[in-house]
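All values derive from a computational prediction rather than experimental measurement. Lettering of chains follows the sequences in order, A, B, ..., and the numbering in each one begins at 1.
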2 protein chains.
Amino acid sequence: MNDLLRVTRALADETRLRILLAMRQQELCICQLIELLQLAPSTVSKQVSILREAGLVQARKDGRWVYCRLASRRGNPLVRRAMDLVLEGAGESLRQAQDGDALNKILSMDPEVLCRKQRPQSV
Amino acid sequence: MNDLLRVTRALADETRLRILLAMRQQELCICQLIELLQLAPSTVSKQVSILREAGLVQARKDGRWVYCRLASRRGNPLVRRAMDLVLEGAGESLRQAQDGDALNKILSMDPEVLCRKQRPQSV
DNA sequence: TTATCATTTCGTCAGTTGGCGAAATATAGA
DNA sequence: TCTATATTTCGCCAACTGACGAAATGATAA
């Protein structure tokens, strides 16, 4: 039941569901998630780590960037059931439409440019 | 996403998972759940109501007793996926074994006797 | 090496949650 | 009607959570 609880708790937060839904089509690096969610880097990092602990998300490091994607559907059956639930629940809320639009913009950008945009503004 | 979130939040608590797992084979009345969980009636009532709000549990009233059971698998697909996840995650934890034993004892009892046992002890 | 920078870790804080007991509610039985 | 009682509602409190910023980490580039 502990594994189950770790998974259900990981799913029980809107930010984390938004992260999972954003990764449906492609992997995303942390800075892309930061841009999508408009949250502090430390917050995004923490939430992604909760999804990783639950086995829902896998990450690979490439230089300074960390790319995240949904865990394989062929791995842990618990994870597959969890994603089935999330995908079933993906509906037409305003928030999801907004995230979809924002994600398209982010994907059309060079990640380099995105990161530069996120650097502390020298005033 | 709101419906999904209501479901995932309902699943994200050990007490509520225990309730769902206990109802796998048969409906249970609140006082049976109180005995199983060893929690205050107000607490059990609250947790069941969260499961009902999420659509995971249905209840029927029979006199003073309220009987609860898992929602139909043929209803909301979200609910079905949620229960698939829970059942997949039902494992062999010590807690589950203990709950199984306790549940068997409870089911072998007359609910009337169970309720009498729960009444405030007149010292 | 040194500087830069994407990400993570840590400490803090406001808001939420899950537990309890007391009081309220609704129903059965006297 | 009045009493007993199974359940719910309400208010409270300790523990947990999700957000942030500052500092630490690890890797690239100068």
d([atom1], [X]; [atom2], [N]) in whole Å:
X	N	atom1	atom2	value
L114(A)	dC5(C)	CG	P	15 Å
K117(B)	dT5(D)	NZ	P	16 Å
Q32(A)	dA6(C)	CD	C1'	13 Å
L33(B)	dT8(D)	CG	P	10 Å
I19(B)	dG18(C)	CD1	P	11 Å
L39(B)	dT8(D)	CG	P	15 Å
L37(A)	dC20(D)	CG	C1'	15 Å
I34(A)	dA6(C)	CD1	C1'	8 Å

* Asked: Above 12 or not: heavy atoms from other molecules or residues under 6.0 Å from CD of Q26(A)?
  ->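 Count over threshold, so yes.
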* Asked: Considering residues, nucleotides and ligands other than Q38(A), do more than 12 of their heavy atoms fall under 6.0 Å from its CD?
  ->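 Buried by this count: over 12 neighbours within 6.0 Å.
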* Asked: If you measure from CG on L78(A) to CG on D84(B), what distance do you get to the nearest 0.5 Å?
  ->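 Output value for this atom pair is 11.5 Å.
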Provide the closest heavy-atom pair for [X] versus [Y] in the form atom of the first, atom of the second, distance.
X	Y	answer
C68(A)	I30(A)	SG-CD1, 4.0 Å
A102(B)	L36(B)	CB-CD1, 3.8 Å
V7(B)	A82(B)	CG1-CB, 3.6 Å

N or O in side chain of [X] less than 4.0 angstrom from [N] OP1/OP2:
X	N	value
Q47(B)	dG19(C)	yes
R16(A)	dG18(D)	yes
R119(A)	dA6(C)	yes

* Please check if the side chain of D62(B) supplies one atom and the backbone of W65(B) the other of a donor-acceptor pair under 3.5 Å. =>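 No, the answer is negative, given that no donor and acceptor are paired below the 3.5 Å cut-off.
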* **Residue pair E35(A) / K117(A), side-chain heavy-atom distance below 4.5 Å** =>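 Answer yes - side chains close enough.
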Show me the protein contacts with nucleotides 8-12 of chain C, counting only N or O atoms at under 3.5 Å.
unit_1	atom_1	unit_2	atom_2	d
dT8(C)	OP2	S45(A)	OG	2.7
dT8(C)	O5'	S45(A)	OG	3.2

* At under 4.0 Å between heavy atoms, which parts of nucleotides 24-30 of chain C does protein reach? Answer with one letter per nucleotide, 5' to 3': B base, S sugar-phosphate only, - none. => --SBS--
* To do: Could you go through the salt bridge (Lys or Arg N to Asp or Glu O under 4.0 Å) check for R80(A) and E88(B) one step at a time?
  => CA-CA 10 Å; R80(A) 184 162 56 82; E88(B) 183 76 51; 5.4 Å; no
